[in-house]
Each structure stands twice: as C-alpha cells, then as structure tokens.
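Since we're looking at a predicted model, the values are computed, not measured.
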Amino acid sequence: MLYQTPSKLSVAKSGLRPIIATLILFLVSILAFNKPVEAAPQGFVLVDNFDWAASEEFPINGKNGWVSSSNAKVETDPGSGSGRVLVLTGSDTYASKPLPEEISNASQGTLFFRIRQSGGVDGFGGASDVATPTAWGDYEVQVGTQKSSPEKLSARDGGSFATSYFAVYPDVWHCIWLEVNNIDDTYQVFMMGGAYDHRALFSVDGTDTFDLRNGGSNALESFFARTGADGGTMYIDDIYVDSNQHNNYSEDIFFCPQNDNIQPPSSSGWQLIDNFNSLSNGSLDNKNGWDATGGVQVVSDPSNGSGRVMSLSGQDQSGTKLFPERIRDPYRGTLFFRMRRDGNVDGFGGGSDVAAPRNWGDYEFQIGRQPSRPNLFSVRDKSSYLGSAQTFQDDTWYCVWMDADNHSNQYSVYVDGGQFSSRTLISAGGTTTFDFRNGSYTKLLSFFARTGAAGGTLYFDDIYLDAGQTNSSQPGGACPKVEPPTPTHTPTPVNTSTSTPTSTATKTPTPVNTSTSTPTPGATKTPTPVNTSTATPTSTATKTPTPVNTSTSTPTPAATKTPTPANTSTVTPPPAVTQTPTPVSTQESTETPVASLTPTSPATPIPNETPSTTPSTPPTAVPASSATPTVAPNIPSNLSFRVYLPRTAASE
C-alpha cells in the first residue's frame with residue numbers, strides 16, 4: 001500500500017505539502033480498515049484480503065492474479081464501512097484465483113473465507129481443480145445459498161445439493177472452513193459468526209461429510225466464486241488456505257462476530273451438555289457450569305459401578321445447566337439424555353426457557369414419573385400431566401429423545417431400552433404430541449431436572465443437545481434391553497398341563513395292571529376247575545356216555561376260550577399306556593405296588609365268568625361248577641394286598 005498511495009497522488013503539486021497529505025491519508029486509511037494485522041494465522045497462507053485495492057468500485061479482472069467477469073469488483077466492506085472486499089453482483093458472475101499452495105491429491109487441507117449476502121442470493125464459494133474455472137462443473141468443493149432457499153446453507157454433495165436448517169442470515173458475515181480430504185474425495189463444512197458463537201459442524205439428516213463434485217485424482221489449485229441465474233449480491237473476504245492439514249484456527253483475525261438477536265439453530269449435530277465422567281463424586285453444584293441444590297450429587301453408575309452419573313435424591317431437589325446453543329424460535333431441536341429411577345420417585349427432566357430454572361413453572365417440556373402413576377411415564381401437556389401407555393420400569397436405564405418444535409410450541413418424546421426393543425414414540429392421553437407448559441415464543445436455554453414433595457432418587461447421564469433439527473441417532477452410553485417378566489410366568493400353565501396327564505395317567509395304568517394281573521390268575525386259576533372235569537368225566541362216563549361228549553365239548557369252548565378274548569381286550573390298553581406321556585413313566589415306576597392292588601377290581605369279574613359257563617353244562621356239571629364258584633372266590637380272598645393310593649402332588 002505504501003508504494004501505491006503516492007503514485008495515485010503524483011498529479012498533486014510538488015513539495016512538502018502533498019507528501020504530508022499523502023502520509024496522513026495513508027494513516028487514516030489504515031485506521032479506517034479496522035482490521036487485524038495481516039499476518040497469516042497458524043499454518044494458513046493468505047490467498048487474498050483485497051486490502052491492496054486503493055479505491056472502491058475497482059474491477060478485479062487481471063488484478064492481483066484474479067480472473068473474473070465484469071461484475072466482479074472490489075468494494076468497501078458494507079458491514080464496517082472500511083476495508084476492501086470482493087463483490088459479485090448480478091447473474092452468472094464469477095471470479096477465480098490460483099491458490100498459493102495446492103491441496104494435492106495425497107493430502108488433506110483447509111480452505112477458509114468469510115461470506116456475506118445481501119437479500120436472496122444464488123451464489124457459492126469454494127475450490128476447483130481447474131486453473132481458471134468459470135462454469136459450475138468446475139467446482140469440486142462449494143458452499144453457499146440457492147435462491148430457492150436463500151437463508152439456508154447448501155453444500156454440494158457429489159451430484160446434488162444438501163440443504164438443512166443451518167441458516168445464513170442476510171447482511172451478516174459468516175466464517176467458513178472447508179476441511180478437504182483430497183485422498184478420499186470428501187469434505188466437511190464448519191461455520192461461525194453471525195448466528196453462531198462457536199465453530200459449528202454443518203450436517204444434513206445426520207450426514208456431515210460430503211463428496212467432491214467430480215472427484216478424481218487432481219489437486220485443488222484455485223479459489224472459485226460464482227453466482228447463478230438468479231444472481232443477487234455476494235461479498236467475500238479474507239481467503240486463506242492450509243494445504244497440509246485440517247486447520248480450525250478461529251481467532252478474531254477472521255472477524256465473524258455473533259449477533260445474538262438473529263441466532264438460528266446450527267443443525268450441527270449432538271453437542272455434549274454433560275456425561276459427568278470428568279467430575280469427582282460428590283456435590284454437583286458449581287461444577288462444570290451446574291447450578292444445583294444439596295441433594296444433587298455425582299455418583300457412580302448404580303447399574304455397573306463404572307462411570308459417573310447425576311443423582312437427585314430427596315424432596316424438592318433441582319439441577320440445571322445452560323445449553324451450549326439455544327433452540328431458537330421458530331426452529332426445532334432435540335434434547336437427549338439417559339434416565340433411571342430408584343423405587344418410588346416424584347421427578348422429571350426436560351428443557352426450560354429460563355437461564356437458571358428452579359420451579360415447576362420454569363419447565364417448557366418435561367418427562368418423568370409421579371407416585372400417582374407408579375409404573376408409567378408422565379409427560380406434561382400444557383396445564384396437566386398425562387400418564388403414558390408405556391411402562392417406566394424400576395432400576396432400568398432408558399434413552400430419552402425430546403423433539404421440541406419451538407415454532408409450534410409442541411414436543412414429542414421417544415424412549416428406548418428396558419422393555420422397548422427399539423426407539424418408541426411415547427403416547428399419553430390418546431396423543432403423541434404435547435404442548436409446551438407455558439408456550440411463550442422465547443429461546444429454550446437450559447436443561448432442568450427436579451424432584452417434588454414425594455422425593456425419591458432419579459438418575460441422569462449422557463445429556464446432549466442438537467439445537468437445530470430432529471435427531472434420532474443415539475449419542476452417549478447404552479440403554480440395554482430388559483426382557484419383560486411375563487415369559488418367566490408362562491411355565492405356570494405348563495404345570496396345569498402336567499397335572500392333567502396325571503389324572504389320565506391314573507386311569508391309564510389301571511388297564512396296565514389288568515393286563516399284568518389278568519393273565520396270571522386267569523391262566524392258572526381257570527385250569528384248576530378243569531381238573532374237576534377230569535374227575536367228573538370218569539363218574540359221568542359210566543352213567544350217561546352221551547352227555548360226556550357235551551361235558552367234554554362244553555368246558556373246551558366255555559372256560560378256556562372265553563377268557564382269551566377277555567385277555568386280548570385287556571391287553572389292548574398297554575399300547576395306550578406306552579403312548580401316554582413319557583414323563584408319566586416316572587409315576588408308573590414309583591407307583592409299582594399299585595399293580596398288585598389294581599387286579600382286585602378285575603379279579604372279581606373272573607370268578608363271575610366261571611358261573612356264567614355253568615348253566616351251559618348239564619346237571620352233571622353242576623357239582624363241578626358249584627364247587628368252582630366256591631373255590632374261585634376263596635382264592636382271591638386268601639390273597640393279601642397292600643393298598644397304595646396315587647399321589648397327585650408327586651406329579652407336580
């Protein structure tokens with residue numbers, strides 16, 4: 001600048017006066033720029049900051065290495081009224097400059113620049129693998145806005161654009177970091193300033209890594225800015241490159257101040273509020289940004305003893321911490337935490353629009369448990385509590401997602417872990433969408449946990465926030481599944497089924513005993529009367545030879561043949577016994593003595609069968625048959641039996 005300014009004033013009068021005037025003008029211009037010293041920050045190399053331009057409305061084509069269309073100029077910074085910036089105005093305007101250091105195909109690097117827009121703009125900045133790019137297809141890395149979504153940041157992801165809630169407000173400077181991995185042809189986008197008080201990672205639907213527009217094996221060798229058919233006015237300043245690393249340097253040299261009045265959500269993904277692992281056991285108050293009462297402690301995880309968690313124990317205890325980023329109206333965000341109760345608890349967790357909430361009325365959305373609904377989740381719906389259709393089991397960690405829409409002042413709750421096999425939407429009072437407790441159009445500022453008059457112990461861990469979108473992914477620790485207790489009680493009906501065969505088993509063995517006992521007395525006892533026929537024929541043969549034939553023929557079919565079918569009928573049950581459940585066999589073995597008892601019932605019919613054959617015998621057979629019935633009943637009566645009744649309890 002020193003050598004340029006005097007040359008601009010060479011037409012002035014010669015002498016000391018113009019020289020002094022020149023020096024004063026130079027000093028004033030330095031102060032007016034109000035910009036930091038132009039030293040390259042930590043690894044970055046300056047591409048351009050445009051402060052070399054001595055005047056406004058300065059066409060840039062051919063200046064300081066730039067190639068551009070006619071509407072690409074250098075102007076005074078519209079934000080500060082001092083300093084110089086690049087301006088692209090109107091449709092299809094472009095400007096490019098070679099990078100002082102290329103990002104090779106075998107390295108990772110960072111391209112940094114500041115961007116500002118006036119009104120709705122269709123325009124982008126980024127990097128190209130072409131020396132003098134002019135067309136859209138020359139981009140490899142590009143971010144900016146489209147006229148269709150003028151206040152939403154878009155990034156090129158391969159063959160299409162990715163656009164999210166990540167907002168670009170008009171007339172505000174935003175700092176952009178494009179961290180490029182030219183080895184695998186991907187990049188990430190970070191933004192700070194204007195709406196954001198920290199370097200926030202840009203993401204779309206859970207994706208924060210995007211593909212280069214074309215890919216390939218070329219080095220990135222130029223900075224490239226362009227507007228589209230819809231045009232607009234886009235400002236660019238402070239372009240730097242680090243060709244060797246991902247560089248997150250963010251000092252004030254980049255001058256991207258936050259404007260709290262317009263801050264939208266960042267959609268930057270999960271930001272940790274606390275997981276307590278860096279804290280020692282004991283009181284949580286004044287640790288890591290927490291404001292808590294005496295009953296709020298850092299304790300070891302009650303489920304496994306490893307790791308640390310937050311515990312609220314006793315009546316009217318509370319703990320709160322500011323969100324790392326606010327959920328602004330009219331945007332939506334997601335609060336995530338893990339929660340567990342110990343016995344009878346009156347306590348809740350959720351979000352507040354108060355910086356340091358203490359009272360129940362400070363909640364906007366909340367979920368927890370009340371003693372009046374001991375086994376259910378309770379959610380606040382405007383002015384009342386609703387009991388969920390889902391169970392809140394004791395001593396069980398649950399993952400909780402609270403999806404808060406700060407435009408409609410409503411929220412939904414999802415839970416996982418315990419008896420839930422997957423992320424499940426909570427329903428209560430016939431609805432799954434609940435109204436904020438107060439519903440004012442304010443920013444959601446803090447996490448808030450509290451117990452009530454009934455006290456109890458409530459645990460929290462792994463508290464995260466995504467301030468710009470609905471986020472269904474799970475950060476933090478696990479919420480293990482716990483099988484519901486019902487399957488363990490299912491075997492109870494099985495006992496009734498085992499008792500049912502017991503009754504059938506007592507019936508079935510009865511024929512078994514008949515089959516074993518019937519042949520023994522039937523075969524041995526029945527021939528005994530046959531001996532009477534050997535004695536009888538001798539005497540009857542001398543008297544009446546004719547009836548002898550009847551007597552010999554009669555005993556053969558009557559006494560000996562008739563029992564045979566009876567035995568076959570009694571033999572039939574054994575197959576049924578063998579088919580009867582195998583478990584019953586243990587009963588049969590324990591109840592073996594019953595086999596000697598059971599014959600008494602079938603033994604009685606056997607003597608009755610002998611008299612039934614007697615009438616078919618002529619008068620000569622009467623004495624024999626009359627003797628037989630007398631003897632037949634006496635034989636069983638002389639036998640001694642010990643009776644064992646079956647035990648139904650043994651079968652259980």
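- Under the 4.5 Å side-chain criterion, counting only non-hydrogen atoms from C-beta, Pro324 is in contact with Ile273.
- Under a 4.0 Å N-O distance rule, the pair Arg338/Asp461 qualifies as a salt bridge.
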Original post:
Where do Phe210 and Phe202 land on the ring-ring contact (aromatic ring centres under 6.0 Å, His included) test, with the steps shown first?
Top reply: CA-CA 10 Å; Phe210 308 101; Phe202 171 75; 5.6 Å; yes
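- Between Asp416 and Trp401 the shortest side-chain heavy-atom distance falls below 4.5 Å.
- Here Leu465 contributes atom CG and Asn471 contributes atom CG; the two are 10.0 Å apart, rounded to the nearest 0.5 Å.
- Side-chain N or O atoms of Ser446 include one that pairs as donor or acceptor with a backbone N or O of Val354 at under 3.5 Å.
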**OP:** Please report the C-alpha distance between Leu279 and Asn288 in whole Å, then the side-chain angles of each, then the deciding distance to 0.1 Å, and finally whether the side-chain contact (heavy atoms from CB on, under 4.5 Å) criterion is met.
**Re:** CA-CA 8 Å; Leu279 305 180; Asn288 208 22; 4.0 Å; yes
Subject >> Criterion side-chain contact (heavy atoms from CB on, under 4.5 Å) on Phe112 and Tyr249, from CA distance to verdict >> reply: CA-CA 10 Å; Phe112 172 89; Tyr249 188 80; over 6 Å; no
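- Here the side chains of Ser118 and Tyr235 are in contact, with some heavy-atom distance below 4.5 Å.
- If you check the side chains of Thr431 and Thr433, you find no donor sitting under 3.5 Å from an acceptor.
- Taking both residues in full, the closest heavy atoms of Phe124 and Thr145 are given as CE1-O, 3.5 Å, listed atom of the first, atom of the second, then distance.
- Between Arg116 and Asp237 there is no salt bridge, since none of the side-chain N atoms of the basic residue sits less than 4.0 Å from a carboxylate O of the acidic one.
- Using a 4.5 Å heavy-atom threshold, the side chains of Tyr464 and Pro475 count as touching.
- Exactly one of Phe348, Phe337, Phe336, Trp397 qualifies for a ring-ring contact (aromatic ring centres under 6.0 Å, His included) with Phe460. That residue is Phe337.
- Remark: the backbone N or O of Pro78 is not paired with any side-chain donor or acceptor of Glu75 at under 3.5 angstrom.
- A side-chain donor from one of Glu325 and Gln271 sits under 3.5 Å from a side-chain acceptor of the other.
- A salt bridge links Lys97 with Asp48: the closest approach of a Lys/Arg side-chain nitrogen to an acidic carboxylate oxygen falls below 4.0 angstrom.
- Atom-to-atom distance recorded for Thr233:OG1 and Asp171:CG is 10.0 Å, nearest 0.5 angstrom.
- Here the closest non-hydrogen pair linking Thr320 and Ala355 is OG1-O, 4.3 Å.
- Residues Met339 and Leu458 are in side-chain contact: their nearest non-hydrogen atoms beyond the backbone lie under 4.5 Å apart.
- Contact check on Asp274 versus Lys321 returns a salt bridge, with a Lys/Arg side-chain nitrogen under 4.0 Å from an Asp/Glu carboxylate oxygen.
- The backbone N or O of Ser68 sits less than 3.5 Å from a side-chain atom of Asn61, completing a donor-acceptor pair.
- How far CG of Leu99 is from CG of Asp242: 11.5 Å, rounded to the nearest 0.5 Å.
- Screening Asn406, Thr470, Asp466 against Arg332 for a side-chain hydrogen bond (donor to acceptor under 3.5 Å, both in side chains) leaves a single residue, Thr470.
- Annotation for Val298 and Ser280: closest pair CB-O, 3.5 Å, computed over non-hydrogen atoms.
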**OP:** I would like to know whether Phe224 and Tyr94 meet ring-ring contact (aromatic ring centres under 6.0 Å, His included); could you show each step before the answer?
**Re:** CA-CA 7 Å; Phe224 182 30; Tyr94 64 88; 7.0 Å; no
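- Between the side chain of Asp462 and the main chain of Asn275, no donor-acceptor pair closer than 3.5 Å is present.
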Subject >> Trace of the ring-ring contact (aromatic ring centres under 6.0 Å, His included) decision for Tyr398 with Phe392 >> reply: CA-CA 9 Å; Tyr398 288 92; Phe392 186 179; 5.4 Å; yes
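- Across every non-hydrogen atom of Val189 and Ala155, the tightest pair is CG2-CB, 4.4 Å.
- With hydrogens and angles disregarded, no donor-acceptor distance shorter than 3.5 Å links the side chain of Ser107 to the backbone of Ile103.
- No donor-acceptor contact under 3.5 angstrom links the side chains of Asp157 and Ser160, judged on distance only.
- Annotation: cation-pi geometry satisfied between Arg156 and Phe161 (NZ/CZ under 6.0 angstrom from ring centroid, within 45° of ring axis).
- In this structure, Arg84 fails the cation-pi test against Trp52, since its NZ or CZ atom is not both closer than 6.0 Å to the six-membered ring centre and inside 45 degrees of the ring normal.
- Across all their heavy atoms, Leu444 and Phe323 have their closest contact at O-CD1, 3.4 Å.
- Rounding to the nearest 0.5 angstrom, the gap separating the CG atom in Leu178 from the OG1 atom in Thr110 is 8.5 Å.
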Original post:
Hey, mind stepping through Asp77 and Trp173 against side-chain hydrogen bond (donor to acceptor under 3.5 Å, both in side chains) and telling me if it holds?
Top reply: CA-CA 10 Å; Asp77 185 340; Trp173 281 107; 3.2 Å; yes
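- To the nearest 0.5 Å, atom CD of residue Gln366 and atom CZ of residue Phe448 are 8.5 Å apart.
- Residues Leu111 and Val180 are not in side-chain contact: their nearest non-hydrogen atoms beyond the backbone lie 4.5 Å or more apart.
- Under the 30°/60° scheme for interplanar angles, the aromatic rings of Phe434 and Tyr411 are found to be tilted.
- Between Leu335 and Ile463, the closest heavy-atom pair is CD1-CG2, 4.2 Å.
- Trp290 and Phe276 have their aromatic ring centers within a separation under 6.0 angstrom.
- In this structure a side-chain-to-backbone donor-acceptor pair under 3.5 Å is missing from Gln146 to Ser154.
- Looking only at distances, no side-chain donor or acceptor of Ser128 sits under 3.5 Å from a matching main-chain atom of Ser222.
- Partner of Phe113 under the ring-ring contact (aromatic ring centres under 6.0 Å, His included) criterion, out of Phe44, Phe223, Phe50, Tyr240: Phe223 alone.
- Looking at heavy atoms from C-beta onward, Val400 lies in side-chain contact with Ile367 at the 4.5 angstrom threshold.
- Between the side chains of Ser69 and Asn71, not a single donor N or O lies within less than 3.5 Å of an accepting N or O.
- Note that CE of Met402 and CD1 of Ile327 are 10.5 Å apart. Values are rounded to the nearest 0.5 Å.
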**OP:** Evaluate side-chain contact (heavy atoms from CB on, under 4.5 Å) for Asp185 paired with Asp211, printing each intermediate quantity in order.
**Re:** CA-CA 6 Å; Asp185 294 335; Asp211 293 332; over 6 Å; no
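- Within the 3.5 Å criterion, the main-chain N or O of Ser243 finds no donor-acceptor partner in the side chain of Glu102.
- For Arg226 (side chain) and Thr134 (main-chain N/O), a donor-acceptor pair under 3.5 Å exists by modelled atom type.
- Side chains of Trp270 and Ser473: a donor-acceptor N/O pair is present below 3.5 angstrom, by distance only.
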**OP:** Step by step, work out the side-chain contact (heavy atoms from CB on, under 4.5 Å) result for Ile426 and Tyr414.
**Re:** CA-CA 6 Å; Ile426 286 287; Tyr414 296 80; over 6 Å; no
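- One N or O on the side chain of Asp381 and one on the backbone of Asp435 form a donor-acceptor pair closer than 3.5 Å.
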